[in-house]
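Right, one structure below, let's go through it.
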Amino acid sequence: MTQEEDYLSLQTIKEILYGGKKLAISDNTINKIQECYDFLDRFSRERIIYGINTGFGPMAQYRVSEEDRTALQYNIIRSHSTGAGEPLPNIYVKAAMIARLGTFLQAQSGVHPDVVKLLLAFINNDIIPFIPEHGSVGASGDLVQLAHLALTLIGEGKVNYEGKWQDAGAVLKKLNIKPFEIHIREGLSTTNGTSFMTGIGLANLYNAQRLLHWALTASVLVNEIVASFDDLMNETLNGVRRQDGQQKVAAKLREIATGSQCMLKREAEMYKHHDEKIFKHKVQPYYSLRCIPQILGPVMEVIENTARVLENEVNSACDNPIIDVATQNVYHGGNFHGDYVSFEMDKLKIAVTKMTMTMERQMNYLFHDKINEGILPPFVNLGVLGLNYGLQASQFTATSTTAECQTLSNPMYVHSIPNNNDNQDIVSMGTNSALIAKRVINNAYQVMAIHYMTMAQAVDYLKIQDKLAPATRKVYDDIRKIFPVFTEDYPLYTSVADVQEYLKNAEI
């Protein structure tokens with residue numbers, strides 16, 4: 001297989017998940033999958049191979065008879081369908097199915113091509129298996145979640161199809177799709193690997209990339225509102241610190257700020273004769289406004305590295321054992337171990353939390369008339385002070401949500417608990433890490449929504465709409481279509497939700 005044929009790039013996956021693109025597999029790849037299956041079929045005769053004629057996990061010491069080999073594969077699917085909790089949202093499950101398909105496309109799992117074609121049909125027909133959130137320790141991969149996926153592939157369990165939960169077998173029959181039948185090791189291959197933590201991670205990545213865009217745009221807009229000096233994003237200033245992320249962030253800020261008439265030039269304002277003893281305008285803004293390249297630079301680098309790790313993981317063989325036609329051998333190891341994804345999800349949620357903290361502090365600067373030099377009324381209140389409360393109470397939501405992110409940012413990666421008769425004596429907890437990162441990211445959108453509502457109020461108070469950069473003016477206009485000028489008090493929770501949906505879905 002070449003990358004040009006069936007390599008699953010992050011852009012391709014994004015188009016499938018969010019753009020309705022259908023996925024196809026080349027004949028060449030199908031032939032390689034068939035070749036791998038045929039090799040395993042021959043090789044597994046009269047040889048002891050884990051999960052084909054042995055039990056699973058600590059039961060691997062027990063040989064399984066020839067006549068029970070098919071039942072063994074069904075047993076791992078049914079016995080491990082033990083998940084609990086709410087079902088994962090459709091987008092995360094679909095991403096996980098794509099990740100599972102990516103493993104099979106490596107042609108090193110020994111599965112029959114029929115399984116691969118069936119999984120492809122699930123993806124392209126938006127057949128979404130019921131997958132509970134909880135169950136994986138992230139070593140032997142996502143056994144429980146993948147078992148629930150495999151359960152639907154054999155026509156059992158339930159799926160979400162056309163917007164409602166239905167019996168999987170009935171949906172397959174309706175679509176004239178045949179459930180897969182066990183050939184050699186399809187039960188183990190479909191349940192063994194990192195696909196669910198990777199799938200959740202992919203959705204997390206796309207959302208984090210979007211959040212970074214909004215954080216950069218907000219950071220320009222907030223500096224426009226307070227008329228900061230623009231040298232915080234200067235190329236020379238940021239170039240003398242040899243950190244790629246910082247320099248990229250500064251360049252992005254300059255791009256967003258192009259055309260702004262709000263930010264000041266230090267050389268024009270300060271590098272001339274002054275008689276003042278106390279300067280009314282801040283010589284240097286607070287860190288949450290001034291240090292954006294230094295704060296969001298490492299955040300950008302974490303997101304970039306997460307993208308690299310996840311793209312590699314999708315295009316890897318992550319089950320066990322590995323069936324290698326080239327060397328005519330079967331290798332037993334631990335490619336299912338989820339440490340790569342787990343570690344990245346922990347780093348990602350820490351990065352998103354720091355980004356969220358920065359947005360919350362920018363918001364506080366606008367709310368707090370004692371620290372913003374009184375350029376804005378308390379809580380950007382455009383009504384009657386004392387009678388009306390502006391966005392005062394929305395800060396409670398933003399602050400409490402940010403605090404939750406801080407607590408959730410404690411790492412899962414180092415919280416291994418031995419289990420499985422200590423066969424799994426050190427595990428990755430990768431799916432838990434990905435799920436917690438998912439919550440942190442959703443929280444970040446809530447805080448970001450309130451921040452944008454705050455900035456829209458500030459722009460209206462100062463009447464600087466026409467001085468904004470074109471990029472920030474467009475966002476302001478979009479927000480105002482959703483959240484009109486707020487003067488009289490009314491419940492804001494629907495506005496927060498509406499702005500949040502805009503941030504999640506607007507084209508950027």
ask   = In this structure, which one of Asn160, Leu119, Leu175, Val93 forms a side chain to side chain contact (heavy atoms under 4.5 Å, CB included) with Ile127?
value = Leu175
remark   = Exactly one of Glu255, Lys252, Met263 clears side chain to side chain contact (heavy atoms under 4.5 Å, CB included) with Met233, and that residue is Met263
With a 3.5 Å cut-off and no angle check, do the side chains of [X] and [Y] form a donor-acceptor pair?
X      : Y      : result
Asn238 : Gln246 : yes
Ser409 : Thr353 : yes
Glu360 : Thr402 : no

Do the side chains of [X] and [Y] get close enough for a salt bridge, i.e. N-O under 4.0 angstrom?
X      : Y      : value
Arg439 : Glu404 : yes
Arg473 : Asp466 : yes
Asp346 : Lys349 : yes
Lys248 : Asp244 : no
Arg266 : Asp231 : yes

Pairs involving residues 129-141, ordered by first then second residue, that meet salt bridge (charged side-chain N to carboxylate O under 4.0 Å, His left out) (sequence neighbours left out) = Glu133-Lys438
ask   = Quick check, are the ring centers of Tyr452 and Trp214 under 6.0 angstrom apart?
value = yes
What heavy-atom pair brings [X] and [Y] nearest, and what distance separates the two atoms?
X      : Y      : value
Leu149 : Ile131 : N-CD1, 3.5 Å
Ala24  : Asp6   : O-OD1, 3.5 Å
Leu8   : Ile13  : O-CD1, 4.0 Å
Met455 : Val222 : SD-N, 3.9 Å

Which atom pairs, one a donor and one an acceptor, fall under 3.5 Å between side chains of residues 495-503 and the rest of the protein, sequence neighbours left out?
| unit_1 | atom_1 | unit_2 | atom_2 | d |
| --- | --- | --- | --- | --- |
| Glu501 | OE1 | Asn505 | ND2 | 3.2 |
| Tyr502 | OH | Asp478 | OD2 | 2.8 |

